[in-house]
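One structure is given below, encoded as structure tokens.
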Amino acid sequence: MFQDVSNVQRIGVALFAVATAVWAVGLVRVMRRDRLGAEVWHQAERLRALPAQQGPPHAEAVQLTADERAAFAGLIRQFGDGRG
């Protein structure tokens, strides 16, 4: 080692290196645990307490007239041309 560095500085660098290694190992363990938990969570079945939605609620369903459907189709064509 260097002649100019005191023993206290050498001990400090060694402690800092050990603390960094311990922190890195702890971080890897936490990240692996979270990743495994996320995989289990994603593979879990959906909640059985909530019923499956069979379509839009009746309050949100709107019957369009022929003119409104034609206007909507025109808008769709207009937006379709602008994209690309």
Side-chain angles (χ1 to χ4, degrees):
M1 292 209 115
F2 299 114
Q3 299 274 336
D4 302 347
V5 179
S6 69
N7 287 336
V8 174
Q9 289 175 327
R10 290 179 190 167
I11 292 171
V13 169
L15 288 176
F16 182 70
V18 169
T20 302
V22 168
W23 175 81
V25 168
L27 181 64
V28 167
R29 290 182 61 143
V30 167
M31 296 298 286
R32 283 186 180 170
R33 183 179 61 213
D34 287 346
R35 185 178 62 204
L36 290 175
E39 288 175 6
V40 170
W41 185 75
H42 285 299
Q43 292 174 356
E45 293 184 28
R46 64 180 181 183
L47 295 176
R48 296 178 191 265
L50 299 176
Q53 188 171 354
Q54 300 298 324
H58 294 293
E60 294 179 14
V62 177
Q63 298 299 326
L64 299 177
T65 64
D67 292 335
E68 290 172 334
R69 269 184 259 149
F72 184 72
L75 283 174
I76 296 299
R77 282 191 299 272
Q78 181 181 1
F79 289 137
D81 292 340
R83 286 190 182 177

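In terms of heavy-atom proximity, Glu68 sits nearest to Gln63 at OE1-O, 4.2 Å.
In this structure, the side chains of Val13 and Gln9 stay at 4.5 Å or more apart for every pair of heavy atoms.
Between atom CZ of residue Arg29 and atom CG of residue Leu27 there is a gap of 12.0 Å, rounded to the nearest 0.5 Å.
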